[in-house]
Amino acid sequence: MKIFLDTANIDEIKKAMDYGVIDGVTTNPSLIAREGKEFIPLVKEILSLVPGPVSVEVTATNFEDMIAEAEKYAKIADNVVIKVPINLEGLRVVKTLSEKNIKTNVTLIFSASQAVLAAKAGATYVSPFVGRIDDISGDGMELVDDIKRIFDNYAYDTEIIVASVRHPLHFVQSMLLSADIATIPFSTLGKLLKHPLTDIGMEKFLSDWEKVKK
Ligand code: G3P
């Protein structure tokens with residue numbers, strides 16, 4: 001499974017790239033706003049740091065303006081993926097962009113039927129938001145399971161990005177369900193590595209090493 005970093009923070013991207021585990025980046029308007037920086041220069045900087053796919057979301061709500069935004073972003077670099085919200089206008093945008101060979105990530109997916117329509121329209125990726133489903137007492141990973149089985153049943157090429165990942169179990173379950181990608185916030189990436197027995201073991205090795213004659 002590929003790992004994308006769900007952030008627009010340059011320091012986080014640089015650090016995660018250095019760890020050698022990041023295959024791409026996803027952003028959204030909220031993550032961009034958090035940085036308090038000018039949008040296009042920030043996107044250009046992210047694209048220059050990341051060789052893999054970088055999702056950049058359109059914020060217009062009508063077809064013509066979404067296409068204009070998408071075409072502008074697509075010109076910046078080859079690895080841009082246009083993030084498009086799931087709705088009727090969004091589907092038209094996905095179809096048009098796929099005919100132009102521009103990659104799309106259909107976002108705010110909360111049902112299998114939404115994912116199927118996005119795939120049918122030609123989406124490169126769909127992003128089910130598992131954490132937000134769990135937040136309202138649903139089961140986000142069950143949605144990933146449904147989408148995966150449907151895509152396999154009908155041989156859709158669209159890849160599943162498990163998004164709104166909140167904890168290590170989401171990450172492991174994503175792989176058990178054979179999701180293509182999980183996009184993970186930097187803070188959650190750290191949690192994937194953490195284990196109390198590793199910390200205790202490390203402490204013991206270091207204190208025992210102090211007793212060795214050198
Ligand atoms: O990038 C989309 C998604 O991962 C957002 O996650 O934590 O805001 O629900 P969250």
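Start at 1 and go down the list; that is how both ligands and their atoms are numbered. Keep in mind it's a predicted model, so treat the numbers as computed, not measured.
- Looking only at heavy atoms of the protein, atom 6 (O) of ligand 1 is closest to S164 CA, 3.3 Å.
- Closest to atom 8 (O) of ligand 1, if we only count protein heavy atoms, is R132 NH2, 2.8 Å.
- Every N/O-N/O distance between T183 and ligand 1 stays at or above 3.5 Å.
- Ring orientation note: the planes of F186 and Y19 are close to parallel, at an angle under 30° on the 30°/60° scale.
- Ionic pairing of E89 and R92 is present here: one or more N-O contacts between side-chain nitrogen and carboxylate oxygen are shorter than 4.0 angstrom.
- Look at K148 and D152 and you find a salt bridge, because one of the NZ, NE, NH1 or NH2 atoms lies within 4.0 Å of a carboxylate O, short of that distance.
- Close contacts between ligand 1 and R166 involve ligand atoms 7 (O), 9 (O), 10 (P) [criterion: under 4.0 Å to a heavy atom].
- For the pair D208 and K211, the salt-bridge criterion is met [side-chain N within less than 4.0 Å of a carboxylate O].
- Among all protein heavy atoms, the one lying closest to atom 2 (C) of ligand 1 is F129 CZ, 3.3 Å.
- Of all protein heavy atoms, the one lying nearest to atom 4 (O) of ligand 1 is D6 OD2, 2.5 Å.
- Residue contacts with ligand 1 include K83, since one of its heavy atoms falls under 4.0 Å from the ligand.
- Salt bridge status for R149 with D145: present, with a side-chain N to carboxylate O gap under 4.0 Å.
- In this structure, Y154 and Y156 have tilted ring planes: the angle between them lies in the 30° to 60° band.
- Ligand 1 has no nitrogen or oxygen under 3.5 angstrom from a nitrogen or oxygen of T27.
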